[in-house]
Amino acid sequence: MPDQYDPHALEERVREYWQEAEAYERTKQHREGAERFFFVDGPPYTSGAAHMGTTWNKSLKDTYIRYKRMCGYDVTDRPGYDMHGLPIETKVEEKLDFENKKDIEAFGMENFIEECKEFADEQLEGLQDDFKSFGVWMDWENPYKTVSPEYMEAAWWGFAQAHERGLVDRGKRSITQCPRCETAIAKNEVEYHEIESPSIYVSFSLTGREGSLVVWTTTPWTVPANTFVAVDEDATYAAVRVESTESGDYEGELLYVAADVVDDVMDRAGATDYTVEEELGGSELVGWSYEHPLPEEVPDHPQGAGAGEVYHADYVEMDRTGLVHSAPGHGQEDFERGDELGLDIFCPVGPDGVYTQQGGKYAGGFVREANDDIIADLDSAGHLLSASTTRHDYGQCWRCDTDIVFLATDQWFVTVTDVKEEMLENLEDSEWYPAEARDNRFRKFIEGSPDWNVSRQRYWGVPIPIWTPEESADSSASRSSERSSREDGEAVDGWSGDIEDTLVVATREELAERVDQDVDPEAVDLHRPTVDDLTITEDGTTYTRVPDVFDVWLDSSVASWGTLDYPGETEDFEELWPADLIMEAHDQTRGWFWSQLGMGTTAMGEIPYEQVLMHGWALAEDGRKMSKSIGNVVTPSEALERHGADPMRLFLLGVDPQGEDMRFSWDEMATMQRNLNILWNVFRFPLPYMRMDGFDPEEVSLENCDLELVDEWVLSRLATTVETMTDHWEAFRQDRALDALLEFVVEDVSRFYIQVVRERMWEESDSDSKTAAYATLYRVLEETTKLLAPFAPFAADEVYGTLTGDTGHPTVHMCDWPDPDSAYQDAELEADVAVLRAVEEAGANARQQAERKLRWPVPRVVVAANDSEAARAVREYAALVEERLNAREVDVVAPGEEWGELRYSAQADMSVLGPAFGGQAGEVMQALNAARISEPTLDALEIAVADELGEQVELTEEMVEFVTETPEGVAATPFRVRGDDRGVVYVDTAITEDIESEGYAREVIRRVQEMRKDLDLELDRELRLDLDVADERVSDLVRRHESLIAEEVRAEEFGSVEDGHRKEWEVEGVTMTIAIEPLAAPEQAD
RNA sequence: GGGUCGAUAGCUCAGUUAGGUUGAGCGCUCGGCUGAUAACCGGGAGGUCCGCGGUUCAAAUCCGUGUCGACCCA
């Protein structure tokens, strides 16, 4: 085992070993036939390298998979990749320098799709390499890909199930459209940024009465589609007579606006004098009619039944004019209200954001570019009261940053709103970590979520498996030549629009059976354009496929059965579904958590996952999200380069995985590397001794050993640690499990157990004590590698291999997760040793105050215990305390007993003082804390407090706690266990000749040891020692301990050394010359 | 603009459920130890508990409000 912990070199070795030993494959085989655990990997999107968040996510998945395997489960570990969708299309478009769909059509759809596939495949390879680079063990040979025929079939099948249940529909919806990509994009794909827009006040002339309604809008291009004006029926409106204006326009006109905003609107309109003639409720305005402001420019403007009237709507706000221009063809709220009112939905804009023929004068122009014309036309028609600009947030396409437009178009929907109650019920069947994520955030989102628009007018996706009667309309946009005929809302062709008259194909088999063409179900590629040309003829009607593809969220929503290749394969599905566990970040509440619930409920009537671990996002060191523009991005490869896989994983896995965002920290990662280094040293420490003594763990049974107190203690701590860790793992707090493990290794094993047993290991002859220490340490280390394995798979495996050699499993990852060994668990012993360690610490502190180093014995340590438990513990294990503190004697002063020289102070308990003294409590506390008394009684304290306070106060036992104070001449330090004061350690530092003698002898030993190391001697090499102490008195003192020295430094003989290693030392002001000479190495016994 | 979550030592976090003199690890610094030695032990410094206001004898904790950050929604 190398001296240094070098994560990179170690990883290299382990990686090679894994390869050679087929460690992963054997680990999986090892669990074959065991109870199965169905984990489903949420598929990362294949459009870039793994970032820190993905790395955290995969590290978590890996660690839980390893843990579950160790617990005996046969865990599914098929990784997945989300490979369809607009993001990849736009990347490929960029690469090919395309501007819009026409370029794609010119390039050829098939070629384009091939390019997308290649791109996605390349990205997939990159991601696989990234995940492997930090030790994730998943089935890399066999990932599920959303572009494979089996997987696409899973999507078809799920959709067909939803259709069977009557949960698929086509209909007009207001959607967010990217005019460049020419497709609907999901609401959660819309990003917001600030833009400058026109801000215009427009008057609509009332019909049948005098006056005009004043509306405000930032989108003049939606005015052609104006269908109604909305008011708040409970608000107050004013009829305002304009008396005079700066421009002379509108003078004498009567304008209607909300009463609260009269002054503001008049001001904007440049009115210098005006009168409010009448105030009336909003409900009085309802039913009024007005003229469309651009009747000549847009001859097809909405004018059917109910159009051009005033209605109430909930979305009206009183901030601008209180009257809202509403165009159901362009706004979501307008659409919903218009739909509710039964108005025609008029949308004179095509999928590319260009006005159609219905746009009249504006036809052929891009909507936002028509703003100026429309403003000018409104002005010349006398309808423009005011025109300026305003800054506000507006949505843009997440992929190409083009500002979106709102359009009402025909789209395909999974009508999840019809099964909302069922979804909420199904939700109850899943356990979430943290639980609040389900009950707050997710539940709220489900309650508010609309129908799921699953159609996209694009290419790189799963084709929607719907066939409609001959020449039927597709959802919307792809066949623009057909648009004009469809925009009247009438079906153009054979299809009535009734969903009952459509065919939905569920599988490749079914496709081959039903289509008119010859199709090989094994070989067919379900992508466009292959499926576009397939027709179905049934009962004399020919059906063609709608040209849309699925929203890419539908792809991943079927992962719980897609990953099992269902419906193509049924065996695993029947055994495993639904998933036992998924884990993703909190942004997936509206992503994968939701889409799976929606699809699971509509297709299967069930939630497709049982446990959810919802983690947070990986933020940068400054607490903000990692972003190229801020320049605070840390890549996983950089972390791997600087610290290696195990330290990086330890950092990531040491963070709370439940809902909280992680803050990246180089500092913490370095700390984890240091922790691993300690661990490394812990493992390395006993190996030379064990080897030297030929310790064979196979032959020595721990159970037959004569264990000493500390052995029993460390085994108890091990058992308790296992128990604690298991509890944390089961509660999905692997970070706390890791804390417990590191505390055990660093605090209990490294800092205490090993310090205590060093003496025993250094013993020359074989002894039961040494064997017991070896056996104990061996057990501790072996179990520890298992506990470490899920976190740091590389380091754990190398150490495990070194320890067990040929006797264990080929890899630690095949081991069973340890059971807490209750035979060794002893809570009282642990509590006792906690007291002893606290006493030792306090003793060390007291020694330092007295400037007495540990090498020099002290004649006596007095432990004044606050409670009988502490007193008993110290008394019982006094020998260990003597050894650790290098004391000749340990005395215990039990509670109730007094040690002569002590003085006392008191500490106030504010929870009692507060209520008793009210406003005076603070003062009384001060006085109490300041008091010094010679006996710990209330009477003495009351006198002292009265002195301080200038006033008599009544004290009770509950108010104070007496504390012993350091007496003169003896160094004293209180000791506490987990924050509780348990007593005081007094160290008597008197010097006697005897003590001096041993002190000096130990100084000599220490220096000889250092010289041995200078020569790099073998541990058991004997030597000759030549000792020359300048001070005669000291020389005599040292000689008294010659045999101790000889034993400790393995000095076979004392005598003059001619050409050995010679050094001069200054020890406490005395000059010593020491020389050593190694003797010939003894013959090896065997 | 709205909802949810978060802000405590230089860093990472605990303490907030149930109000009672703020804690840990790491880092820094001083000292000690020494056959684990790039390890180990002890001491010390280091806090407007994000700001402001309120309730209370008493607030990191409860209430209100603001600032900053994260996610989601518009």
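Throughout, protein chains are lettered first and strands after them, A, B, ... in sequence-line order, and every chain is numbered starting at 1.
- Between A:F651 and A:F664, the distance separating the two ring centers is shorter than 6.0 angstrom.
- Across the strands present, B:rC5 finds its partner in B:rG69; the criterion is a Watson-Crick or G-U wobble pair with both atom distances under 3.5 angstrom.
- The number of heavy atoms from other shown groups lying within 6.0 Å of NZ (A:K625) does not exceed 12.
- For the atom pair CD of A:E660 and NE2 of A:H586, the computed distance is 8.5 Å after rounding to the nearest 0.5 Å.
- For B:rA39, the base has no donor-acceptor partner in the side chain of A:S750 [N/O atoms by modelled type, under 3.5 angstrom].
- Contact annotation for A:L619: backbone-only contact, meaning every heavy-atom pair under 4.0 Å involves sugar-phosphate atoms and none involves a base.
- Comparing B:rC50 with B:rA70, their C1' atoms sit 16 Å apart, to the nearest whole Å.
- Along RNA chain B, the nucleotide nearest to A:I1005 and the one nearest to A:A846 differ in position, and the one closer to the 5' end is contacted by A:I1005.
- Within the 4.0 angstrom heavy-atom criterion, only backbone atoms of the sugar-phosphate kind lie near A:R674; the bases stay farther away.
- For B:rA14, there is no paired nucleotide, since no Watson-Crick or G-U wobble pair has both relevant distances below 3.5 Å.
- A:Q734 and A:P657 make their closest contact through OE1-CG, 3.2 Å (heavy atoms, listed as atom of the first residue, atom of the second, distance).
- Whole-Å rounding puts the A:E841 CD to B:rA24 P distance at 11 Å.
- Comparing B:rC26, B:rA39, B:rA70 by their nearest atom to the side chain of A:N681 picks out B:rA39.
- Taking A:T417 as the reference, A:D451 meet the side-chain hydrogen bond (donor to acceptor under 3.5 Å, both in side chains) condition, with sequence neighbours excluded.
- Taking atom C1' in both B:rA38 and B:rA45, one finds a spacing of 26 Å when rounded to whole Å.
- Note on A:L742: nothing from the nucleic acid sits closer than 4.0 angstrom, heavy atoms only.
- In this structure, B:rG64 forms a base pair with B:rC52, meeting either the Watson-Crick or the G-U wobble geometry with both donor-acceptor distances under 3.5 Å.
- Between A:W594 and A:W452, the angle of the ring planes goes over 60°, which puts this pair in the perpendicular group of the 30/60° scheme.
- Spacing between atom CZ of A:R624 and atom P of B:rC71 amounts to 10 Å, rounded to whole angstrom units.
- Heavy atoms of other residues, nucleotides or ligands lying less than 6.0 angstrom from CD of A:E882 number more than 12.
- The distance between atom CD of A:E743 and atom C1' of B:rA14, rounded to the nearest whole Å, is 13 Å.
- Taking atom P on both B:rA7 and B:rA36, the two are 43 Å apart, rounded to the nearest angstrom.
- Residue A:Q755 has its side chain nearest to B:rC40 when only B:rA70, B:rG42, B:rC40 are considered.
- When the P atom is used for both B:rA18 and B:rG64, the distance is 16 Å, rounded to whole Å.
- If you take CG of A:D739 and C1' of B:rC26, they are 12 Å apart, rounded to a whole angstrom.
- Across the strands present, B:rC40 finds its partner in B:rG32; the criterion is a Watson-Crick or G-U wobble pair with both atom distances under 3.5 angstrom.
- A salt bridge is absent between A:R837 and A:E841: the closest approach of a Lys/Arg side-chain nitrogen to an acidic carboxylate oxygen does not fall below 4.0 angstrom.
- Atom P of B:rC49 sits at a distance of 33 Å from the matching atom of B:rG31, rounded to the whole Å.
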Report summary line: Going 5' to 3' through nucleotides 3-12 of chain B and flagging B where a protein heavy-atom sits under 4.0 Å of the base, S where only the sugar-phosphate is that close, and - otherwise, we get SS------BS
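- The C1' atoms of B:rC63 and B:rA24 are separated by 31 Å, rounded to the nearest whole Å.
- A:R758 has a side-chain polar atom (N or O) that falls below the 4.0 Å cut-off from OP1 or OP2 of B:rA36.
- Under the Watson-Crick or G-U wobble criterion, with both distances below 3.5 Å, B:rA58 has no partner in any strand shown.
- Rounded to an integer number of Å, the gap from CH2 of A:W666 to C1' of B:rC26 is 17 Å.
- Regarding A:N675, its CG atom lies at a distance of 9 Å from the P atom of B:rG27, rounded to whole Å.
- For A:Y774 and B:rA36, the OH to P distance is 12 Å, given to the nearest whole Å.
- Across all strands shown, A:V682 has heavy atoms under 4.0 Å from base atoms, whether or not it also approaches the sugar-phosphate.
- Nucleotide B:rG47: unpaired (no Watson-Crick or G-U wobble partner with both distances less than 3.5 Å).
- Annotation: B:rG19 and B:rU65 have their P atoms spaced 22 Å apart (nearest Å).
- Between A:Y689 and B:rA36 there is a side-chain N or O to OP1 or OP2 distance below 4.0 Å.
- Across the strands present, B:rU21 finds no partner; the criterion is a Watson-Crick or G-U wobble pair with both atom distances under 3.5 angstrom.
- Between A:D739 and A:R733, none of the side-chain N atoms (NZ, or NE/NH1/NH2) sits under 4.0 Å from a carboxylate O, so this pair counts as no salt bridge.
- The separation between A:H586 atom NE2 and B:rG69 atom C1' is 12 Å, rounded to whole Å.
- Judged by closest nucleotide on RNA chain B, A:E1003 is the one of A:I678 and A:E1003 placed further toward the 5' end.
- The separation of B:rG27 from B:rC11, taken at their P atoms, amounts to 15 Å, rounded to a whole angstrom.
- Closest approach of A:F335 to A:S174, counting heavy atoms only: CB-CB, 3.6 Å.
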